[in-house]
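Heads up, the thing below is written out as structure tokens.
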Amino acid sequence: MKKEHRKVYEVRWYREKSSLHHRLFLYIGGMKMIISILFLIVGFVLLIKGADIFVDGASSTALNLKVSKMVIGLTIVAFGTSAPELAVSIKALLSGSSDIVLGNVVGSNILNILLILGVSSLFSSMVVKDNTVKKEIPLTILFSVLLTVLSFDNIFDKNIANVITRTDGIVILLFFIVFIYYLASIARDNKEENEKAPYKIGKSLLFVLIGLVGIVAGSNLVVDNASAIAKALNVSEKMISLTIVAFGTSLPELVTSVQAARKHENDIAIGNIIGSNIFNIGIVIGLPCALIGNINVGTFNYIDMFTMIGAAILLFLLTFKKRKLDKGEGLIMLLIFIVYYGYVIIGG
């Protein structure tokens, strides 16, 4: 009887010990999740406030330099808000996560047009200038088509793996240099002299820098913690890159464009998106690929790439006649965004 009692006691003790370990494991996991959510919220706050300061600084810088706000939107704002994508892509490529590199750019470019311009146009009707419709949006389409053609080598030979090679990266950079030349030419031609800058040049540039730090720090917090939550739920790398990472790195564009639209700074809002999409392909894909090495296209398919091209074509079609994005156009963009991401989530 004593032996039986001892065995029963030992079994009960092991069960209690196992249960304690399980509860401790769940507690630690739950605490990590809570901490990730808290950092996620801090990241959102930094992004929103940083974007607010950044827009004010960029707008004031344009007025101080007597340069078109569209040029500032296509350059300083676009490059600044593309900084998180570049940082994430370099980090991912060095660690061998090619799916994150390509998904980051493709997902961000789709989000930028369908979600960000869609949401921004709900806040305020956005007037689109002639030059933007005739030159800058077609350039976005061109860069999107270029990336797609360079990504799918097996269109021409079924025996070749789909890889964006170092040579492809150099080709993309050459196209990007042409874009920079175009920016330099419009910077000479477009001057704004009527409106007075609210801040002096030094303070304006300081606002740009402070805002950019807030944007980058906030987006890093959002991406890192959102990715940690997603990985805990066993989500694929492609799924993470097209959703969590793409959304996280597009948050600077989202908050910057929404804030710009609210302040009726349409040139900054639209220039930010168009410039950012071109920077994403030209710099975020082209530069790391040319300097570090090949990017495997992997599990990406034609639907993902054609959606990126289609979003740019849709923007062109919606703005071609009216030269404006209003709530109706914004709702169309958001509807297509929901359909595509419904497909991504179900497929993922």
Side-chain angles (χ1 to χ4, degrees), residues 40 44 47-48 51-52 55 73 77-78 81-82 84-85 103-128 132-133 136-137 140-141 144 219 222-223 226 230 239-278 280 302-348:
L40 199 66
F44 276 116
L47 271 170
I48 293 165
D52 195 24
V55 168
V77 179
T81 55
S82 287
E85 281 94 337
N104 179 22
V105 168
V106 173
S108 291
N109 282 14
I110 293 168
L111 278 159
N112 282 351
I113 293 175
L114 298 180
L115 177 64
I116 297 172
L117 284 183
V119 170
S120 298
S121 62
L122 297 181
F123 283 88
S124 172
S125 288
M126 304 172 74
V127 176
V128 184
T132 304
V133 176
E136 283 124 32
I137 297 176
T140 309
I141 297 170
S144 300
S219 65
V222 170
V223 171
M239 178 74 164
I240 291 170
S241 65
L242 278 173
T243 53
I244 304 295
V245 177
F247 180 73
T249 55
S250 287
L251 279 173
E253 286 91 341
L254 175 60
V255 289
T256 300
S257 288
V258 169
Q259 292 288 65
R262 286 178 66 246
K263 296 176 180 184
H264 304 289
E265 299 283 6
N266 293 336
D267 283 352
I268 287 179
I270 295 168
N272 171 33
I273 295 304
I274 293 169
S276 183
N277 277 21
I278 294 173
N280 280 350
Y302 296 113
I303 294 175
D304 302 314
M305 306 300 275
F306 286 166
T307 302
M308 177 179 66
I309 297 170
I313 293 172
L314 177 67
L315 178 61
F316 176 77
L317 294 174
L318 292 176
T319 56
F320 184 73
K321 281 189 177 180
K322 293 168 64 177
R323 298 291 196 268
K324 187 172 71 170
L325 281 176
D326 54 27
K327 287 183 181 179
E329 281 82 18
L331 289 171
I332 291 170
M333 288 178 168
L334 290 173
L335 181 62
I336 295 170
F337 167 79
I338 291 166
V339 170
Y340 171 69
Y341 271 91
Y343 155 76
V344 168
I345 291 166
I346 292 167

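On a predicted model such as this, the values are computed, not experimentally measured, just so you know.
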| query | Is any side-chain heavy atom of F320 less than 4.5 Å from a side-chain heavy atom of I137? | reply | no

| Rounded to the nearest 0.5 Å, what separation is found between the CD1 atom of I110 and the CG atom of D304? | 6.5 Å

| query | Quick one: OG on S144 to CG on N280, what's the gap to the nearest 0.5 Å? | reply | 10.0 Å

| query | Between G330 and S121, which heavy-atom pair has the shortest distance, and what is it? | reply | CA-OG, 3.1 Å

| field | Any residue meeting side-chain contact (heavy atoms from CB on, under 4.5 Å) with L334, in chain and number order, not counting sequence neighbours | value | L115, V119, L122

| note | Taken to the nearest 0.5 Å, the spacing of T307 OG1 from Y343 OH works out to 8.0 Å

| task | Show your working on side chain to side chain contact (heavy atoms under 4.5 Å, CB included) between L117 and N112 and close with a plain yes or no. | result | CA-CA 7 Å; L117 284 183; N112 282 351; over 6 Å; no

| remark: Residues at least two apart in sequence or cross-chain that pass salt bridge (Lys or Arg N to Asp or Glu O under 4.0 Å) with K327, listed by chain then number, are none

| said: Within this structure, what is the CG-CG distance for the pair L111 and N277, rounded to the nearest 0.5 Å? | reply: 10.0 Å

| task | Kindly indicate, with the supporting measurements, whether the criterion side chain to side chain contact (heavy atoms under 4.5 Å, CB included) is fulfilled by V128 and F316. | result | CA-CA 10 Å; V128 184; F316 176 77; over 6 Å; no

| field | Residues T319, M126; criterion side chain to side chain contact (heavy atoms under 4.5 Å, CB included); working and verdict | value | CA-CA 10 Å; T319 56; M126 304 172 74; over 6 Å; no

| remark: Taken to the nearest 0.5 Å, the spacing of T140 OG1 from E136 CD works out to 8.0 Å

| message | Show the nearest heavy-atom pair for residues T132 and I270, with the distance to one decimal. | response | CG2-CG2, 4.1 Å

| What is the minimum heavy-atom distance between K324 and S125, and which atoms define it? | CD-CB, 4.3 Å

| task | Could I get the full list of side-chain contact (heavy atoms from CB on, under 4.5 Å) partners for L318, not counting sequence neighbours? | result | L314, L325, E329, I332, M333

| query | Taking side chain as C-beta onward, heavy atoms only, is F306 less than 4.5 Å from I313? | reply | no

| field | Heavy-atom closest contact (I113 atom, A311 atom, distance) | value | CG2-O, 3.5 Å

| said: Let me confirm one number: the CE-CG distance from M308 to L114, rounded to the nearest 0.5 Å. | reply: 12.0 Å

